[in-house]
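Step one of this worksheet: look at the structure below.
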Amino acid sequence: GYQFDNWSVTINGIPVAEDSDEIKLLPRNSPNATLEILKKVTSQVDITANVSQILSVDSIMLTGSKHGTKEDPAYKDSTITVNFNRPIDPSCKKSDIVIACDSIPCTNSFADITISGTQLIIRNTKRLSVGDEELKNISVKIPKSFFYWNDNNKQITLLSDYMFDYWINY
């Protein structure tokens, strides 16, 4: 999906400033802007809505060939790779990611978190205790504050926190 950024106005391909004495389209950062024509314009006027692709998760991969379901659980020390549709900014607060094991916080067991281009890589740094025939549920919450910079140097975030879970065994 896409989200609205702002409006741009050109006359014969030349950008029109917000304080123009010919055409006003204000506020330009609102989809509900008002257009006011102040002088007769005999040239081609183009009004364009500028949009950005919404940041979203494309896929999640766990190391190994397991699916992380109850029927096909992942190995307890699997690395989680979250693939986004756009390169996320390395300054996103990795410390805001929340990880739980059977609803008990265990983010400190996944202290090695890396952002590289479109990937967020979460590595298990402490062994999780899982018995031979035991299954545990790992839930992950990536905060909506994760973002990328669009072509207009504007931060585009996730629409909401992104949450997923998977099952592990020994």
Side-chain angles (χ1 to χ4, degrees), residues 1-8 15 18 27-33 48-170:
Y2 291 85
Q3 77 178 39
F4 175 83
D5 288 338
N6 59 26
W7 296 101
S8 60
E18 286 190 31
R28 290 216 183 162
N29 62 351
S30 169
N32 301 318
T48 306
N50 299 306
V51 297
S52 293
Q53 190 174 21
I54 294 169
L55 182 62
S56 62
V57 172
D58 280 344
S59 64
I60 298 164
M61 297 183 325
L62 304 168
T63 52
S65 60
K66 305 288 185 171
H67 294 97
T69 62
K70 274 188 172 182
E71 297 76 27
D72 190 18
Y75 178 63
K76 68 179 180 175
D77 296 325
S78 293
T79 295
I80 308 163
T81 302
V82 181
N83 294 297
F84 289 85
N85 64 327
R86 306 287 296 193
I88 51 178
D89 192 272
S91 71
C92 291
K93 290 183 70 178
K94 298 178 281 190
S95 60
D96 287 348
I97 295 170
V98 177
I99 303 172
C101 182
D102 286 341
S103 302
I104 299 168
C106 65
T107 303
N108 61 349
S109 293
F110 294 85
D112 184 5
I113 300 175
T114 306
I115 294 173
S116 178
T118 59
Q119 291 189 329
L120 171 67
I121 302 163
I122 304 170
R123 290 178 186 83
N124 184 336
T125 55
K126 293 183 181 173
R127 291 232 181 262
L128 295 173
S129 177
V130 182
D132 285 352
E133 298 300 318
E134 189 179 9
L135 288 175
K136 290 196 179 205
N137 183 259
I138 304 294
S139 60
V140 180
K141 180 176 87 170
I142 301 168
K144 75 176 267 179
S145 60
F146 267 52
F147 69 94
Y148 78 93
W149 293 101
N150 72 2
D151 294 337
N152 296 318
N153 209 28
K154 180 179 177 183
Q155 284 186 10
I156 306 298
T157 64
L158 289 165
L159 286 179
S160 61
D161 292 342
Y162 185 83
M163 295 179 271
F164 64 95
D165 68 326
Y166 63 96
W167 293 89
I168 61 172
N169 65 0
Y170 65 96

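Everything quoted here is computed from the prediction, not taken from an experiment.
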Between the side chains of [X] and [Y], does any donor sit under 3.5 Å from an acceptor?
X   : Y    : value
N83 : S59  : yes
N85 : D58  : no
D5  : N150 : yes

What is the distance from atom [atom1] of [X] to atom [atom2] of [Y], rounded to the nearest 0.5 Å?
X    : Y    : atom1 : atom2 : result
F84  : F146 : CZ    : CZ    : 6.0 Å
N50  : K154 : CG    : NZ    : 10.0 Å
I142 : I97  : CD1   : CD1   : 6.0 Å
C106 : K126 : SG    : NZ    : 10.5 Å
D89  : L55  : CG    : CG    : 11.0 Å
N6   : E18  : CG    : CD    : 9.0 Å

Minimum heavy-atom distance [X]-[Y], with the two atoms named:
X    : Y    : result
F110 : I138 : CZ-CG2, 4.5 Å
I168 : P73  : C-CB, 4.0 Å
I54  : T157 : CG2-O, 4.4 Å
I156 : Q53  : CG2-O, 3.6 Å
C92  : I115 : CB-CD1, 3.9 Å
W7   : P27  : CD1-O, 4.3 Å

Sidechain-backbone polar pair: [X] side chain, [Y] backbone, donor-acceptor under 3.5 Å:
X    : Y    : result
T63  : T79  : yes
S109 : N124 : no
K141 : A100 : no
N137 : D165 : no
K136 : C101 : no
D161 : K144 : yes
W167 : D72  : no

- Close side-chain approach of W149 and Q155, heavy atoms under 4.5 Å: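 A side-chain contact under 4.5 Å exists here.
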
- Task: Check whether any side-chain heavy atom of T81 sits under 4.5 Å from a side-chain heavy atom of L120, and report yes or no.
- Result: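 Side-chain contact under 4.5 Å: no.
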
- Decide if atom NZ of K94 counts as having more than 12 heavy atoms of other residues, nucleotides or ligands within a radius under 6.0 Å.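 Above 12, so yes.
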
- Go through the steps for Y162 and S56 under the test side-chain contact (heavy atoms from CB on, under 4.5 Å), then give the verdict. CA-CA 9 Å; Y162 185 83; S56 62; over 6 Å; no

- Item | Parallel, tilted or perpendicular: ring planes of Y166 versus F164, cut at 30 and 60 degrees |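 Geometry flag for F164 against Y166: parallel rings.
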
